[in-house]
Amino acid sequence: MSQQLSFDLPAVPAMGRDDFFVSASNAAAVAMIETWQSWPARKLMLRGPSGAGKTHLAHVWASLSGARIIAASDLAEADIPSLASGPVAVEDLWQITGERAQERALFHLHNLVLAEGNSLLITSSDDSALSDIHLPDLASRMEGTPGVRIEPPDDALLAAVLMKLFADRQLRPTPETLPYIVPRMPRAFAAARNLVETLDQLALDTGKPINRRLAATALDNLQI
């Protein structure tokens, strides 16, 4: 029997508000995004573990506010005055801590966005990011930024995240798969993402459907 060909097709994440499942662990963050015009000082720090939906919520906010989204690591090469002419979402603060050029660029962007009367959203998955900032002026600005955190997921949210990750990859697990996976997997968003990636690859490699048996194999091989 010939081996099934494997095609590594990219997943296309759905980033609309209707694609974001709300549960107790993220309800406060969603509420802050949806009421962005009432943010204290017109800025917000959105924190949460990897895979929690920070990027998704940044895109939801961008659709509500007309904001542009930029990775923190790209700030040193960005046109800061142009960015500051409207609302801005800066993703992954933790990636630039200790990097002088990027920290200085974020400091200038922060000041100019607010001076122009616009709003600023900053995301970070690392709670230690603030203490790792080297530029004192930026550290004080970030410490003074109101924040909201996405908490670790409950079972309902884990199931919804798994369903979305499967849908992003156009995968259709059998009905018993999710009820089998959820109580057995680590309580982490990153685990959900890695598990779906593993199941996708296993299904391609073996030609088998994504079912309870394949899920058991994926859970045995799961790395986070």
Side-chain angles (χ1 to χ4, degrees), residues 13-72 74-75 78 80-96 105-130 133 138-161 163-165 167-168 188-189 192-193:
M15 291 293 183
R17 172 61 184 86
D18 292 342
D19 303 305
F20 194 92
F21 184 85
V22 182
S23 79
S25 64
N26 62 25
V30 173
M32 289 296 291
I33 291 296
E34 292 183 334
T35 58
W36 67 275
Q37 292 172 313
S38 301
W39 289 351
R42 299 195 309 280
K43 58 181 180 175
L44 179 71
M45 178 82 71
L46 176 61
R47 298 190 185 92
S50 176
K54 299 183 300 298
T55 291
H56 193 153
L57 282 182
H59 280 81
V60 170
W61 182 63
S63 70
L64 293 173
S65 65
R68 283 187 280 181
I69 301 174
I70 185 170
D74 292 335
L75 285 173
I80 298 300
S82 176
L83 275 176
S85 64
V88 184
V90 177
E91 290 204 273
D92 297 328
L93 171 66
W94 62 273
Q95 290 190 345
I96 68 166
L106 180 55
F107 172 69
H108 289 309
L109 177 65
H110 169 281
N111 291 346
L112 195 52
V113 165
L114 299 183
E116 294 285 344
N118 295 313
S119 298
L120 178 66
L121 174 67
I122 300 171
T123 74
S124 182
S125 61
D126 191 342
D127 285 335
S128 68
L130 296 185
I133 294 173
L138 177 62
S140 67
R141 301 300 193 277
M142 296 298 99
E143 289 168 0
T145 299
V148 64
R149 179 173 174 81
I150 300 176
E151 300 298 337
D154 52 27
D155 280 3
L157 183 54
L158 269 180
V161 167
M163 286 189 291
K164 180 182 181 302
L165 290 169
D168 287 344
F189 294 105
R193 183 179 59 249

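The first residue in the sequence is number 1, and the count goes up from there.
- A 4.5 Å side-chain heavy-atom check between S82 and R68 finds at least one atom pair inside the cut-off.
- Partners of S119 under the side-chain hydrogen bond (donor to acceptor under 3.5 Å, both in side chains) rule, at least two apart in sequence or in another chain, do not exist in this structure.
- Residue A67 comes nearest to W61 through the heavy atom pair CB-CZ3, 3.3 Å, listed as atom of the first residue, atom of the second, then distance.
- Between R47 and S125, the closest side-chain pair of non-hydrogen atoms is not below 4.5 Å.
- I96 is not listed as a side-chain neighbour of I133, based on a closest heavy-atom distance of 4.5 Å or more.
- Applying the side-chain hydrogen bond (donor to acceptor under 3.5 Å, both in side chains) rule to S65 yields no partners; only residues at least two apart in sequence or on another chain are considered.
- A distance of 11.5 Å separates CD in E116 from CG in N111, rounded to the nearest 0.5 Å.
- Partners of S23 according to the side-chain contact (heavy atoms from CB on, under 4.5 Å) rule, which considers only residues two or more places apart in sequence or in another chain, are F21, S25, N26, D154, L157.
- By the salt bridge (charged side-chain N to carboxylate O under 4.0 Å, His left out) test, E91 pairs with no residue at all, sequence neighbours left out.
- Counting heavy atoms from C-beta outward, M142 and I122 have side chains that approach closer than 4.5 Å.
- For the residue pair L112 and A84, the shortest heavy atom distance occurs at CG-CB, 3.5 Å.
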Evaluate side-chain contact (heavy atoms from CB on, under 4.5 Å) for L75 paired with L83, printing each intermediate quantity in order. CA-CA 10 Å; L75 285 173; L83 275 176; 4.2 Å; yes

Under 3.5 Å, which donor-acceptor pairs do the side chains of residues 37-46 form with other protein atoms, sequence neighbours left out?
residue : atom : partner : partner atom : Å
W39     : NE1  : M32     : O            : 2.7
R42     : NE   : N118    : O            : 3.1
R42     : NH2  : L114    : O            : 2.3
K43     : NZ   : H110    : NE2          : 2.9
K43     : NZ   : R141    : O            : 3.3
K43     : NZ   : T145    : OG1          : 3.4

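- The minimum heavy-atom distance linking V88 with L109 is given by the pair CG1-CD2, 4.1 Å.
- A52 and G48 make their closest contact through CB-C, 4.4 Å (heavy atoms, listed as atom of the first residue, atom of the second, distance).
- When side chains are defined from C-beta on, L93 does not count as touching T123, because their heavy atoms never get closer than 4.5 Å.
- The CG atom of D74 lies 9.0 Å from the CD atom of Q95; values are rounded to the nearest 0.5 Å.
- The side-chain heavy atoms of V90 and L121, taken from C-beta on, include no pair separated by under 4.5 Å.
- Annotation for I69 and A58: closest pair CD1-O, 3.8 Å, computed over non-hydrogen atoms.
- The backbone N or O of D92 lies less than 3.5 Å from no partner atom in the side chain of K54, so there is not a single donor-acceptor pair.
- Counting heavy atoms from C-beta outward, P152 and F189 have side chains that stay 4.5 Å or more apart.
- Residues V161 and A192 approach most closely at CG1-CB, 4.0 Å, considering heavy atoms.
- Partners of S50 by side-chain hydrogen bond (donor to acceptor under 3.5 Å, both in side chains), not counting sequence neighbours, listed by chain and number: R193.
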